[in-house]
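Just so you know, these numbers use all the heavy atoms, side chains as well, and skip hydrogens, waters and symmetry mates. All ligand and atom numbering here is 1-based and tracks the order in the structure. This one's a predicted model, so the numbers in the text were calculated from it and none came from an experiment.
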Amino acid sequence: MAKGIYIHTFGCQMNVQDSEKMTFLMGAEGYEPVISPREADLVILNTCSIRQKAVQKIMSRLGRLRDLKRRKPTMIIAVGGCLAQQWGKEFLEKADHLDIVFGTHNIHRLPEMVRKVREGGGRVSDISFHGSVPSLKIQASPEEGKVGAYVTIMQGCDNFCTYCVVPLLRGPEESRPLDEILAEIRCLADRGIREVTLLGQNVNSYGRNLPGGASFARLLREIDDLGVMERVRFTTSHPRDLSDEVIGLFGRLRSLCEHIHLPVQSGSDAVLTMMNRGYTRDDYLRKVEKLRDVCPDIAVSSDMIVGFPGETEKDFLQTLDLMEKIRFDNLFSFKYSEREGTVAVGLPGKVPEEEKARRLTILQGLQDRHALERNRSWEGREVEVLVEGPSKGDPREMTGRTRGNKIVNFPGRGEMKGRLVKTRIVRAFLHSLRGEPVAEE
Ligand code: SAH
Ligand code: SF4
Ligand code: F3S
């Protein structure tokens, strides 16, 4: 009889994709996805360590599994991902109901580790790093019926921004060969996928360690030349490494969507220097200006951190000023969270929690105004929507995204799923647009 697997994914899209790889690998071992941990024989928490809040959430979720395991002692509980990478064996000491700890480079070993536990081999852990990441080669199986999919183009990060744990937990940067990526995209297209998001911590440096002159610009062009993918997006870009060549592709490559996620982190030069970001606020403003010159409709989203050590009120006002100048379509903003092992731990000028909270509230208020204003600029215009399916609340309502990554809800029919529908935007909200269908494929 098939066994049940339940994966709870925390953190970023890398983890989402890694979870899909785990599902694929364990599928070959006879494990089928179930909808709740209660029905599962194997529960995996794919963890994240980016901020302390993520760690708290994971520990409380793990705590709740203790009772379940008591009632069903054959259940195997595993933790993978970034927090597992960070804590390693110690994780087994922190939670005595845990069977397996596996790191970000050891996904390929999961089947073998599960077998070992089932055969009574005791609790196991492996967080070893590998020079060439075997898990980069594992195929991910996107959920049945999805319109879009992720494609990992690189692993790891060499940037060492002073606040960030990712380089410590994902290892050094490594790009995937270009032909492998193209083959995967062809394969996804054959399965009906119409939109891919290329994944990496710093996609702009793609190809740096590959022989044969691969670059991110070349990758985007070759994907476009395949002619099989309707839409291509990517995340994340590092502003320092965003080349004029890549900027020039927006509005020119048919498949490349008019949206860029370009995390800025702060609008103050002093803070950017302390963060080791490698660009100034002026560099950033100029890059966005160039993007808007070549592609006036481009949507720009970003990440921002408030309360980095040493951030003064003046620095914070610089951040608000940068936001006023750019007017982001969407912004993910965070209170700085101190991470063990990072350079920022030793920096002076810690900002009190209440002050971080105050700055975050002000920043988010401003962003809400900008987001609504940006969305309103679409009212009355016709946009192409790739339909993802019926909206959750009402089956007569369909939902999808524009090329600029804005959510559009409109009256439609189930068969529209996966199709391009031209809609006229009749109303803008903070997080979505309302459309009327005008024409469909
Ligand atoms: N590689 C990506 C982002 C990875 S993490 C990039 O360079 O842009 C996603 C976001 O989490 C970051 O952009 C940053 O805004 C935020 N972040 C990372 N470490 C953080 C920390 N210690 N405290 C608060 N936010 C953090
Ligand atoms: Fe972290 Fe910076 Fe690397 Fe992004 S680029 S993952 S923020 S170290
Ligand atoms: Fe979290 Fe690791 Fe992603 S720390 S944000 S899961 S790379």
Check this for me, if you would: do Arg221 and Glu245 make a salt bridge, where the nitrogen-to-carboxylate-oxygen distance has to be below 4.0 angstrom? yes
Between the candidates Arg51, Lys356, Met275, Lys53, which shows the shortest non-hydrogen contact distance to atom 17 (N) of ligand 1? Arg51
Atom 9 (C) of ligand 1 [closest protein heavy-atom partner, distance rounded to 0.1 Å]: Asp303 OD2, 3.7 Å
Heavy atom of the protein closest to atom 6 (S) of ligand 2 (residue, atom name, distance): Gln201 OE1, 3.5 Å
Starting from atom 14 (C) of ligand 1, which protein heavy atom do you reach first, and at what distance in Å? Gln265 OE1, 3.4 Å
Considering non-hydrogen atoms of the protein only, which is the closest contact for atom 8 (O) of ligand 1, and what is the distance? Pro263 CG, 3.0 Å
Report the part of Pro167 (side chain from C-beta onward, or backbone N, CA, C, O) that has a heavy atom under 4.0 Å from ligand 2; answer both or neither where that applies. side chain
Honestly, is Arg109 close enough over Phe102, meaning NZ or CZ under 6.0 Å from the six-membered ring centre and within 45° of the axis? no
Please find out if less than 6.0 Å separates the ring center of Phe429 from that of His431. no
If you scan protein heavy atoms around atom 21 (C) of ligand 1, the nearest is Ser337 O, 3.6 Å
Please state which option from Ser205, Cys161, Gly278 has its nearest heavy atom closest to atom 2 (Fe) of ligand 2. Cys161
Is the closest heavy atom of Arg277 to ligand 2 under 4.0 Å? yes
Hey, is His261 one of the residues with a heavy atom under 4.0 angstrom from ligand 1? no
Please state whether the separation between atom 3 (Fe) of ligand 3 and some N/O/S atom of Cys12 is under 2.8 Å? yes
Please list the nearest protein heavy atom to atom 6 (C) of ligand 1 with its residue and the distance rounded to 0.1 Å. Thr236 CG2, 3.7 Å
Does ligand 1 have any atom that is closer than 4.0 Å to a heavy atom of His238? no
How far is atom 20 (C) of ligand 1 from the closest protein heavy atom, and which atom is that? Tyr163 CD1, 3.7 Å
Is it the case that ligand 1 has an N or O less than 3.5 angstrom from some N or O of Gln201? yes
Is any side-chain N of the basic residue among Lys116 and Glu112 closer than 4.0 Å to the acidic one's carboxylate O? no
What is the nearest protein non-hydrogen atom to atom 6 (S) of ligand 3, stated with its residue, atom name and distance? Asn15 ND2, 3.3 Å
Is Gly81 in contact with ligand 3, taking contact as a heavy-atom separation below 4.0 Å? no
At less than 4.0 angstrom from any non-hydrogen atom of Lys335, what atoms of ligand 1 do you find? 23 (N), 24 (C)
Are Glu373 and Arg327 close enough for a salt bridge, meaning some N to O gap below 4.0 Å? yes
Is the closest heavy atom of Met14 to ligand 3 under 4.0 Å? no
May I ask whether Arg277 places a heavy atom under 4.0 Å from ligand 1? yes
Heavy-atom contacts with Tyr336 under 4.0 Å: which atoms of ligand 1 show up? List them by number with element. 23 (N), 24 (C)
Does a side-chain N-to-carboxylate-O contact under 4.0 Å join Asp41 and Lys72? yes
Ligand-side contact atoms (ligand 1) for residue partner Arg339, heavy atom cut-off under 4.0 Å: 22 (N)
Below 4.5 Å, heavy atoms only, C-beta onward: do Met14 and Arg170 meet side chain to side chain? yes
Near Cys164 (heavy-atom distance under 4.0 Å), the atoms of ligand 2 are 1 (Fe), 6 (S), 7 (S), 8 (S)
For ligand 1, which is the ligand I care about here, please tell me if Ser237 has any N or O atom under 3.5 Å from one of the ligand's N or O atoms. no
If you define the side chain from C-beta out and look only at heavy atoms, does anything of Asn202 sit under 4.5 Å from Arg240? yes
Please tell me whether His261 and Phe332 form a close aromatic pair, meaning their ring centres lie under 6.0 Å apart. yes
Judged by non-hydrogen atoms, does Gln201 sit under 4.0 Å from ligand 3? yes
Under the 3.5 angstrom rule, does the side chain of Arg359 hit a backbone N or O of Glu354 as a donor-acceptor pair? no
Work out whether the distance between some heavy atom of Leu169 and some atom of ligand 3 is less than 4.0 Å. no
Under 4.0 Å from a heavy atom of Phe160: which atoms of ligand 2 are those, numbered in the order shown and with their elements? 8 (S)
Is the shortest distance from a heavy atom of Ile50 to ligand 1 less than 4.0 Å? yes
Heavy-atom distances under 4.0 Å are what count here, so tell me which part of Tyr163 touches ligand 2: side chain, backbone, both or neither. side chain
So is Val166 in contact with ligand 1, going by heavy-atom distances below 4.0 Å? no
Show the atoms of ligand 2 that are less than 4.0 angstrom away from any heavy atom in Asn159. 3 (Fe), 5 (S)
When you measure from atom 2 (Fe) of ligand 3 to each heavy atom in Cys48, Gly11, Cys82, Cys164, which option holds the nearest one? Cys82
Number the atoms of ligand 2 from 1 as they appear, then name those within less than 4.0 Å of a heavy atom of Cys157, with their elements. 3 (Fe), 5 (S), 6 (S), 8 (S)
